[in-house]
Amino acid sequence: MTHELKHIFTAYQAKNKSGNKAVLATVVALEGSSYRRPGVRMLILDNGKMIGAVSGGCVEKEVQRQAESVFSSGIPKVMTYDGRYRLGCEGILYILLEPFIPNKTTIKTFWQTVKERKNFELLSYFTRQEGISNESGSLFKVDGSTLKLRPGFESKKGLEVFQQKLTPCFKLIIIGSEHDAVQLCSYAAMTGWEVSVIASPSEEKSIHDFPGAQQFLSQLPEEFASQMIDKQTGVVLMTHSYVKDLKYLVGLRGARPIYLGLLGPSLRREKLLNELMEYDLDISDDFFDSIYGPAGINIGAETPQEIAVSVIAEILAVIREKEPMLLRNKLGTIHN
């Protein structure tokens with residue numbers, strides 16, 4: 001959800017230039033089931049524009065309508081949305097609406113936190129009663145500092161607190177520059193991931209060739225810096241060159257990505273890994289455990305777009321620790 005907050009802060013900074021007011025809507029509690037779970041947020045501007053969503057699209061109009069009183073009074077409120085009678089979702093949403101007026105320090109700290117890939121928290125104080133209350137509101141916490149999302153708000157005891165711990169955006173490093181890499185980059189960016197693309201200088205490509213990419217590096221395998229990989233990073237190796245893939249694997253052997261996907265058949269994977277072990281016998285088992293090849297899950301993917309869906313689905317399954325399956329065969333609720 002960190003990527004959704006990035007969109008919210010970006011929109012807020014843009015709206016400041018035009019003088020629009022903003023209201024932050026946060027799902028702070030849920031009874032039953034819903035399309036999205038507590039912690040999802042959206043920003044409503046007083047010009048009618050909405051950034052993000054708190055459901056699949058069925059709740060937003062009501063949230064926008066309820067936000068009108070917050071625009072006029074400047075006082076937070078809690079609203080409920082009972083999907084049992086309107087949507088058949090069998091759930092009641094509790095949504096906190098509050099003026100969103102972070103100061104320059106909060107904005108600067110947020111973007112610094114994102115840049116440095118730090119964990120942070122958001123705490124929302126509320127009661128499960130519809131109505132306005134100046135005691136409701138949210139705070140942003142990082143590195144022991146607590147920052148306000150609106151001037152004058154102070155947390156008080158006795159209120160319910162929705163505490164959300166957020167991690168850095170998932171980062172995907174794509175090593176390769178062919179058409180399938182372009183598609184994977186685009187789909188990953190739409191998923192909210194921060195995408196870096198690495199290509200050989202001989203490819204003569206730039207970041208403009210990869211829609212959605214946040215970073216483009218034109219470098220040789222021996223120049224690859226594995227320090228850019230942390231526990232929230234996945235790598236997909238898809239140069240379509242056996243020699244280049246092997247060289248990049250050599251450079252990656254000291255890194256610990258949560259996912260390392262190898263494009264191509266299993267025989268090619270085995271040959272790559274055998275040559276890698278001949279190069280370095282001391283590679284840890286953890287590194288080999290992070291390798292997924294052939295990359296992707298078996299959904300019959302054939303086109304570059306379908307392959308991108310397959311690979312992204314596998315990465316999601318790995319980072320969420322889920323076994324891919326048809327939801328119709330799953331017992332219990334979707335999110336348990």
Side-chain angles (χ1 to χ4, degrees), residues 111-112 114-118 168-189 191 193-264 268-296 304 307-308 311-312 314-315 318-319:
W111 287 117
Q112 193 67 27
V114 169
K115 181 180 179 181
E116 295 177 2
R117 298 184 62 75
K118 294 180 179 179
C169 287
F170 184 78
K171 180 164 66 175
L172 180 65
I173 298 174
I174 300 172
I175 303 177
S177 59
E178 300 299 333
H179 182 58
D180 51 1
V182 176
Q183 299 303 316
L184 180 58
C185 176
S186 177
Y187 280 54
T191 305
W193 297 349
E194 295 179 350
V195 185
S196 296
V197 178
I198 297 175
S200 170
S202 63
E203 300 291 342
E204 297 184 348
K205 297 290 181 72
S206 74
I207 194 169
H208 303 294
D209 297 305
F210 300 91
Q214 185 177 26
Q215 181 184 40
F216 176 83
L217 298 172
S218 180
Q219 55 184 212
L220 297 169
E222 50 268 28
E223 297 171 333
F224 178 73
S226 60
Q227 296 92 331
M228 66 189 298
I229 296 173
D230 57 26
K231 294 179 181 179
Q232 283 286 107
T233 302
V235 180
V236 178
L237 195 51
M238 50 194 311
T239 68
H240 294 275
S241 164
Y242 180 86
V243 173
K244 288 180 182 176
D245 280 0
L246 181 57
K247 288 181 177 180
Y248 276 113
L249 272 177
V250 170
L252 283 164
R253 73 189 190 281
R256 293 296 178 269
I258 192 171
Y259 174 95
L260 174 52
L262 303 180
L263 206 67
R268 185 177 187 274
R269 175 202 65 207
E270 292 305 310
K271 185 179 178 182
L272 276 170
L273 297 185
N274 285 336
E275 288 204 43
L276 180 64
M277 286 188 287
E278 289 179 9
Y279 180 87
D280 187 348
L281 293 174
D282 296 324
I283 301 175
S284 72
D285 291 339
D286 288 342
F287 177 76
F288 289 108
D289 288 341
S290 71
I291 295 176
Y292 293 80
I307 292 169
V311 172
I312 287 175
E314 180 178 51
I315 295 173
V318 170
I319 63 179

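Heavy atoms only: backbone and side chains are in, while hydrogens, waters and symmetry mates are out. We count residues from 1, following the sequence as given.
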Could you grab the distance from atom [atom1] of [X] to atom [atom2] of [Y], nearest 0.5 Å is fine?
{"X": "Met238", "Y": "Leu262", "atom1": "CE", "atom2": "CG", "value": "11.5 Å"}
{"X": "Asp245", "Y": "Arg268", "atom1": "CG", "atom2": "CZ", "value": "4.5 Å"}
{"X": "Ile312", "Y": "Gln183", "atom1": "CD1", "atom2": "CD", "value": "10.5 Å"}
{"X": "Ile283", "Y": "Phe288", "atom1": "CD1", "atom2": "CZ", "value": "4.5 Å"}

Below 4.5 Å, heavy atoms only, C-beta onward: do [X] and [Y] meet side chain to side chain?
{"X": "Thr233", "Y": "Ile173", "result": "yes"}
{"X": "Leu276", "Y": "Asp280", "result": "no"}
{"X": "Met228", "Y": "Lys171", "result": "yes"}
{"X": "Ile174", "Y": "Leu184", "result": "yes"}
{"X": "Pro211", "Y": "Val182", "result": "yes"}

Parallel under 30°, tilted from 30 to 60°, perpendicular over 60°: which one fits the rings of Tyr248 and Phe224?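 Tyr248 and Phe224: perpendicular rings.
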
I'd like to know if the side chain of Gln232 and the backbone of Pro168 have a donor-acceptor N/O pair within less than 3.5 Å.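 Such a contact is found between Gln232 side chain and Pro168 backbone.
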
Is it the case that the side chain of Tyr242 and the backbone of Lys271 share a donor-acceptor pair, with hydrogens and angles ignored and the cut-off at 3.5 Å?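 Such a contact is found between Tyr242 side chain and Lys271 backbone.
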
So which atom in [X] and which in [Y] form the shortest heavy-atom distance, rounded to 0.1 Å?
{"X": "Tyr187", "Y": "Thr191", "result": "O-OG1, 2.8 Å"}
{"X": "Gly212", "Y": "Cys185", "result": "C-SG, 4.2 Å"}
{"X": "Phe170", "Y": "Gly234", "result": "CZ-N, 3.4 Å"}
{"X": "Val235", "Y": "Leu172", "result": "N-CD1, 4.2 Å"}
{"X": "Ala181", "Y": "Gly176", "result": "CB-O, 3.6 Å"}
{"X": "Ile258", "Y": "Lys231", "result": "CB-O, 3.7 Å"}

Heavy-atom count around Asn274 CG within 6.0 Å, excluding the residue itself: above 12?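 More than 12 heavy atoms, drawn from other residues, nucleotides or ligands, come within 6.0 Å of this atom.
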
Kindly list each side-chain donor-acceptor pair under 3.5 angstrom involving residues 193-206, sequence neighbours excluded, with atom names and distances?
from	atom 1	to	atom 2	distance (Å)
Glu194	OE1	Arg117	NH1	3.2
Glu194	OE2	Lys6	NZ	2.9
Ser196	OG	Gln215	OE1	2.9
Ser200	OG	Ser202	N	3.4
Ser200	OG	Ser202	OG	3.0
Glu203	OE1	Ser177	OG	3.4
Glu203	OE2	Lys244	NZ	3.4
Lys205	NZ	Ser177	O	2.8
Ser206	OG	His208	N	3.3

Not counting sequence neighbours, which residues clear side chain to side chain donor-acceptor pair (under 3.5 Å) with Lys247? List them please.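 Per chain and number, Lys247 pairs via side chain to side chain donor-acceptor pair (under 3.5 Å) with no residue.
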
With side-chain contact (heavy atoms from CB on, under 4.5 Å) as the test, would you mind laying out the steps for Ile315 and Tyr292 before giving the verdict? CA-CA 9 Å; Ile315 295 173; Tyr292 293 80; over 6 Å; no

Apply side-chain contact (heavy atoms from CB on, under 4.5 Å) to residues Leu237 and Leu272 and explain how you reach the verdict. CA-CA 12 Å; Leu237 195 51; Leu272 276 170; 5.7 Å; no

List for me each residue that meets salt bridge (Lys or Arg N to Asp or Glu O under 4.0 Å) alongside Arg256, sequence neighbours excluded, and say none if there are none.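 Arg256 satisfies salt bridge (Lys or Arg N to Asp or Glu O under 4.0 Å) with no other residue.
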
